[in-house]
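Working notes, beginning with the structure itself.
Here is the naming used below: chain letters follow the sequence lines, and residue numbers restart at 1 for every chain.
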Amino acid sequence: MASRFKETEEKWQRRWEEAGLHLAERDSRPKFMIIFAYPGVTGYLHVGHMRGYTYVDAIARYKRMEGHNVLFPVGTHATGNGAISLANRVAARDPDTLDYLMRNGCPEERVKDLETPEGVVEFFNGVYVNDYWKRFGFLADWRRFTCSIRPDYNRFIQWQFRKLMELGLLVQKPYYAPACVDCGPVAVDPSETDLSKGGNAEVNEYTLLKFRCGDELLIAATLRPETVFGQTNFWVNPDVDYRRVRVGDETWIVSAPAARKLSYQMDGVEVLGEVAGRELLGRMCSAPMVGREIPVLPAGFCDPEVGTGLVTSVPSDAPDDLVALQRLQKDPSLLESYGLDASAADIEVIPIIDIEGYGPCAAADVVDRMGITDSGDPRLAEAKKQVYKDGHHLGRMNPLCKGYEGLRVEEAKERMRDDMLASGEAELFRDLSEEVACRCGGTVMIRRVDDQWFIDYGDPDLTARTKSHCEGMDIFPAEYHHNVQAVLDWFRERACVRKGNWLGTRFPFDEEWIIEAISDSTLYPVYYIISMHANEGSISPEQMSEEFFDHVILGRGGSDVVSRSTGVPAELLEAIREDISYWYPLDLNLGGKEHMTVHFPAFLFNHQAIMPEGKLPRGIFVNWYITGKKGKISKSKGGAQPIPGAAEKFGVDALRLYYAHVASPFQDVEWDEDIVTSYRHRVERTTRMMEELHAIDGDEEGSVDSWMLSRMSRHIEDARRHMESYDLRQMANVVYFDIPNDIRWYLRRGGRSRRTAGKALDAWLRMACPVTPHMAEEAWESLGGEGLLSSAPYPSPEGSDPSSELGESYLRDVLEDVNEIVRVTGMKARTLHLYTSPEWKDRVQSMAVEMALAGELSVPALTKRAMQDEEVRRHGKSASEFAKKAAQETARRSAAELRRLSAPIDELSLLQDAKGFLESELGMSVELHDAAAPRHDPQNKAKAAMPLRPAMLLE
RNA sequence: GCGAGGGUUGCCGAGCCUGGUCAAAGGCGACAGACUCAAGAUCUGUUCCUGUAGGGGUUCGCCGGUUCGAAUCCGGCCCCUCGCACCA
């Protein structure tokens with residue numbers, strides 16, 4: 001069955017291509033330019049990634065039908081080391097990598113092409129374009145495809161950086177970055193694009209405290225420099241061999257791993273020799289800031305991989321320290337086994353921080369509360385976290401902390417750290433919270449980079465202008481429209497170049513550096529307007545000089561002058577300039593939620609900084625993910641559903657509808673094949689229903705026909721409205737769910753007008769085209785439509801008919817009421833008597849509605865007015881009672897409901913028309929009566945008749 | 001911590017901004033019936049509790065408030081999710 005989809009899909013994709021629907025050329029129509037944030041080409045994508053791309057194609061298709069000239073270009077991003085590391089693994093014939101390629105359908109003969117980074121990029125460019133985007137029926141202008149490592153693109157990025165320099169937004173200063181010892185800088189993040197291990201690691205900033213011990217300094221690393229007043233002793237792991245290291249003119253003692261890490265962050269670090277931890281025991285050292293002499297004691301928990309492998313002991317606030325100390329105090333033999341006097345542990349805990357909800361020593365409280373007695377207790381980590389958290393937020397330094405008493409811990413931490421740094425008693429040291437390994441297998445550590453270039457996104461003027469521009473943008477979801485303001489504020493300088501084995505654009509001011517992945521992907525939408533000429537060979541990368549871009553993008557210089565200096569024909573320069581002024585700004589940039597704090601702000605800032613007024617982006621759309629059962633479907637780890645396989649299995653239209661409708665785009669969705677299957681069924685049902693509509697060939701028309709057309713008009717209006725705010729889900733709900741429900745009712749009611757069905761079908765097909773274009777085209781053709789549906793106009797509403805809508809809902813209400821009575825009573829009735837409301841009640845009711853709309857409705861007012869009516873007054877008490885009831889009930893109605901109720905319908909003739917329908921639906925004969933003069937009313941039901949609520953009797 | 005978002009009836013998911021038509025759309029699932037040799041598909045009905053006349057009762061994280069009236073507005077509480085930097 002699967003091949004059935006593919007054949008149809010390919011047929012229409014070919015026709016669209018032949019008709020050139022995807023090509024975008026400047027003309028007199030209003031334009032619409034849309035992109036999705038181009039993906040990084042580091043491997044196969046999975047079904048989840050198609051979600052956002054599909055939104056873009058559907059929006060582009062809608063805009064095209066709606067009358068816009070649409071530019072939808074695509075490209076890929078290859079900057080970084082992803083392709084390099086994949087190429088290396090392929091070249092090394094790594095079995096996991098080969099397996100990954102095979103599983104995703106890489107032809108065996110192509111594997112050898114993947115041994116170079118360029119080969120990897122070109123291969124995947126082909127996969128993305130052909131197996132993903134074209135396969136899904138996207139109408140993108142393929143001529144404009146670009147990739148961030150192509151020479152022409154590089155020229156554009158260099159121009160961008162020249163502009164940033166010109167604007168004074170490039171600054172240089174030292175920086176500490178995670179880096180692989182072999183490959184250079186890497187990104188540490190959970191998606192582990194660059195890594196093979198440790199993506200969740202955080203960078204901790206330790207304060208290195210110096211403890212003078214003879215001529216040497218014992219170096220303890222701490223995250224809590226504010227606790228120095230509580231130091232009682234120093235911890236050394238007796239079983240670890242430490243290193244004696246020269247740092248400047250000081251001699252430090254730290255663990256071997258720490259010595260290595262330090263050498264990446266400080267100058268002149270030189271290992272002098274070893275010193276056994278055991279040898280340090282029992283010595284005295286001088287604690288920084290407080291100048292107290294404290295003893296060096298043994299502790300097994302000192303890990304040479306963490307910090308410096310040496311720890312200062314603050315038993316008042318560190319549960320680990322407290323427990324270790326108590327242990328030594330309880331068991332004198334421990335100290336004696338190291339040749340120390342048991343009295344060495346005669347230490348009083350020094351309370352230094354007052355924390356709400358704790359005694360003077362928070363650590364003691366927590367340890368007692370949790371019943372921890374042993375250093376090996378795994379709950380110590382939790383205890384530590386608790387004390388740290390509460391101390392940090394709630395704690396205040398007590399009077400023992402001279403000079404800092406009364407300060408909040410948060411504040412004291414910074415002040416004390418800075419003071420010790422200034423006095424030379426401390427240094428800073430950055431380390432990763434867990435082991436991190438590069439894709440190449442090398443260790444990742446924090447390295448100092450002295451002359452790092454940054455883009456200064458912290459610039460106050462740029463920030464202010466960008467924020468102000470964003471207020472007027474269309475940003476979805478609305479929360480992000482709000483939040484982006486905070487994100488822009490929070491965005492600071494960003495390291496924008498890196499050294500090492502990387503693909504990307506060379507930094508124009510120092511070719512040693514390569515521009516990193518975020519920074520070369522901010523302004524690129526405008527380049528899609530130029531890339532076509534590079535792709536066609538009419539402009540070479542060398543011709544893309546600073547003057548060239550200055551001219552076509554910024555309008556600087558005359559085309560003749562620029563033509564002379566670049567050799568690009570002046571007419572072409574003019575044409576590109578006009579193209580840019582026509583297509584730009586970008587109307588919508590769509591990207592996944594991971595872009596909210598990285599790509600989108602950089603995209604906004606760069607446009608604001610470089611582009612002239614009027615060329616600033618108009619819209620951003622953020623989409624959430626499709627996830628796997630166990631969290632995010634990971635691209636780098638593979639194992640997810642390959643895209644072509646899913647297309648084969650479910651059909652492209654079903655997938656497109658799934659993406660569009662399965663949930664709000666602003667929410668993650670778990671991939672579930674059963675759900676996708678149900679969308680496949682939905683597409684099939686839609687097709688069948690379209691055929692059914694087409695088969696209608698009657699000429700008779702009734703009230704249900706005006707109802708059908710009215711509903712359709714309303715649906716068109718709603719679909720358009722939803723698409724204007726890019727709300728595909730609501731739109732799809734109308735087109736694939738609400739419309740079929742109405743059509744079912746139309747058929748059930750016996751609707752059989754060729755004209756009505758034809759009109760409804762025509763509009764319906766057009767509305768289905770943006771999301772399920774293949775199926776819609778196929779139906780359009782087989783039902784005799786002219787030309788390509790994809791280039792046909794979107795339908796327009798033709799006005800609704802409130803009376804017929806009210807009439808049909810009235811009929812439904814009657815059916816429901818009868819059903820309910822039958823269900824509740826269990827009667828098998830043969831005859832249904834319906835008594836429609838007497839005319840005088842209708843009159844009172846419409847008075848009520850009228851008065852309510854005018855805001856003058858009250859029980860006495862209505863009663864008074866009703867009783868002025870001869871006809872009504874004749875009904876005496878029941879008239880005034882009804883007026884009271886009508887006033888009360890009408891007063892509760894909303895304005896929309898009142899308007900709905902004010903449409904006039906003639907209940908009796910409506911029921912008369914629908915009598916046959918009711919009889920066949922209910923399986924009983926129906927007798928109609930005017931409640932004012934019932935022919936048969938043995939149970940005196942007629943008096944209960946109300947407007948829009950006929951009384952009924954079942955017999 | 002900083003910033004943001006959320007908790008709705010079996011499940012998914014609307015509604016909340018702009019309080020009354022909300023027992024609360026739609027889908028999925030389930031049950032019953034029709035059609036059918038049968039299955040599937042399709043159609044109809046039901047799917048919080050209750051009721052032999054179209055009704056009544058209790059619901060929208062918890063507690064309280066505003067209001068004639070609250071899923072919707074306000075305050076407090078509990079719980080959950082996401083981003084936090086060189087990952088397009």
Shortest side-chain distance from A/R949, nucleotide among B/A88, B/G55, B/G26 = B/G55

Could you go step by step and tell me if A/W133 and A/F36 meet the ring pair (Phe, Tyr, Trp, His ring centres under 6.0 Å) rule?
-> CA-CA 12 Å; A/W133 300 331; A/F36 50 76; 5.2 Å; yes

Would you call A/E808 and A/R749 a salt bridge, using N to O less than 4.0 angstrom?
-> yes

What distance, rounded to whole Å, do you find between the two P atoms, one in B/C49 and one in B/C68?
-> 34 Å

Nearest-Å distance once atom C1' is located in both B/A24 and B/C16 | 12 Å

Counting any heavy atom closer than 4.0 Å, what does A/A495 reach on the DNA or RNA strands: base, sugar-phosphate only, or nothing?
-> base

Counting primed atoms, P, OP1 and OP2 as sugar-phosphate and everything else as base, the B/S/- map of nucleotides 4-11 of chain B against protein heavy atoms under 4.0 Å is SS------

Backbone N or O of A/A78 within a donor-acceptor pair of the A/S148 side chain at under 3.5 Å?
-> yes

In whole Å, what separates the C1' atom of B/C11 from that of B/C48?
-> 15 Å

If you measure from the C1' atom in B/U58 to the same atom in B/U18, how many Å do you get, rounded?
-> 28 Å

Interatomic distance at C1', B/U9 relative to B/G61, whole Å | 14 Å

How long is the line joining CD1 of A/I821 and P of B/A53, in whole Å?
-> 9 Å

Between B/C82 atom P and A/N623 atom CG, what is the distance in whole Å?
-> 17 Å

A/P174 meets the side chain to side chain contact (heavy atoms under 4.5 Å, CB included) criterion, sequence neighbours left out, with A/D450

Going by an N to O cut-off under 4.0 Å, is there a salt bridge joining A/R949 and A/D817?
-> yes

Among the candidates B/A88, B/A85, B/A14, find the nucleotide nearest to the side-chain atoms of A/R494.
-> B/A85

A/K941 has a side chain; which of B/A88, B/U42, B/A53 sits nearest to it?
-> B/A53

Rounded distance (Å) that lies between atom P of B/G13 and atom OH of A/Y736 = 21 Å

Who pairs with B/C11 - Watson-Crick or G-U, where each distance is under 3.5 Å | B/G27

What interatomic distance, in whole Å, is found between C1' of B/G54 and the corresponding atom of B/C63?
-> 38 Å

A/L811 CG to B/G54 P, in whole Å, measures 21 Å

Under 3.5 Å donor-acceptor pairs involving side-chain atoms of residues 679-687 of chain A, not counting sequence neighbours:
unit_1: A/Y679; atom_1: OH; unit_2: A/H661; atom_2: ND1; d: 2.7
unit_1: A/R682; atom_1: NH1; unit_2: A/Y736; atom_2: O; d: 3.1
unit_1: A/T686; atom_1: OG1; unit_2: A/R682; atom_2: O; d: 2.6
unit_1: A/T687; atom_1: OG1; unit_2: A/V683; atom_2: O; d: 2.9

Among the nucleotides B/A41, B/C84, B/A53, whichever has the atom closest to the side chain of A/W490 is B/C84

Classify the nucleic acid contact of A/P950 as base, sugar-phosphate or nothing, counting any heavy atom under 4.0 Å across all strands shown.
-> base

Given the side-chain rings of A/H49 and A/Y53, with only the six-membered ring counted for Trp, is the space between their centroids under 6.0 Å?
-> no

Base-pairing mate for B/C62 - Watson-Crick or G-U, with both contacts under 3.5 Å = B/G76

Residues at least two apart in sequence or cross-chain that pass side-chain hydrogen bond (donor to acceptor under 3.5 Å, both in side chains) with A/T522, listed by chain then number, are A/Q160, A/N606

Please name the residue in the list A/V484, A/T463, A/L488 that meets the side chain to side chain contact (heavy atoms under 4.5 Å, CB included) test with A/P601.
-> A/L488

For B/G26 versus B/C77, give the span between their P atoms, rounded off to a whole number of Å.
-> 38 Å

In Watson-Crick or G-U wobble terms, both distances under 3.5 Å, what is the partner of B/U52?
-> none

Using the test side-chain hydrogen bond (donor to acceptor under 3.5 Å, both in side chains), find all partners of A/Y153 that sit at least two apart in sequence or belong to another chain.
-> A/Y38

Using the P atom on both, measure B/C17 against B/G75 and round to a whole Å.
-> 14 Å

Out of B/A25, B/U42, B/A53, whichever nucleotide has its closest atom nearest the side chain of A/L954 | B/A53

List every contact pair, protein side and nucleotides 43-52 of chain B side both N or O, where the distance is under 3.5 Å.
unit_1: B/C43; atom_1: OP1; unit_2: A/R744; atom_2: NH1; d: 3.1
unit_1: B/U44; atom_1: O3'; unit_2: A/R748; atom_2: NH2; d: 3.4
unit_1: B/U52; atom_1: O4'; unit_2: A/V824; atom_2: O; d: 3.3

Full working for salt bridge (charged side-chain N to carboxylate O under 4.0 Å, His left out) between A/R830 and A/E955 | CA-CA 6 Å; A/R830 300 175 112 166; A/E955 286 188 323; over 6 Å; no

Any A/H599 side-chain nitrogen or oxygen under 4.0 Å from OP1 or OP2 of B/A88 | no

Whole angstrom is fine here: how far is it from CG in A/N606 over to P in B/A88?
-> 15 Å

Is there a Watson-Crick or G-U wobble partner for B/G3 with both distances under 3.5 Å, and if so, which one is it?
-> B/C82

On RNA chain B, more 5' by nearest nucleotide between A/D738 and A/L953 is A/D738

So do the side chains of A/L432 and A/V444 get within less than 4.5 Å of each other, counting heavy atoms only?
-> yes

Rounding to a whole Å, what distance do you find between A/E805:CD and B/U21:P?
-> 20 Å

Can you tell me the pairing partner of B/U21 across any strand shown, Watson-Crick or G-U wobble, with both distances under 3.5 angstrom?
-> none

Base, sugar-phosphate, or nothing for A/Y38, non-hydrogen atoms under 4.0 angstrom?
-> base

pair_partner(B/U44), Watson-Crick or wobble, both distances < 3.5 Å, evaluates to B/A32

Contact nearer the 5' end of RNA chain B, comparing A/A951 with A/V487 | A/V487

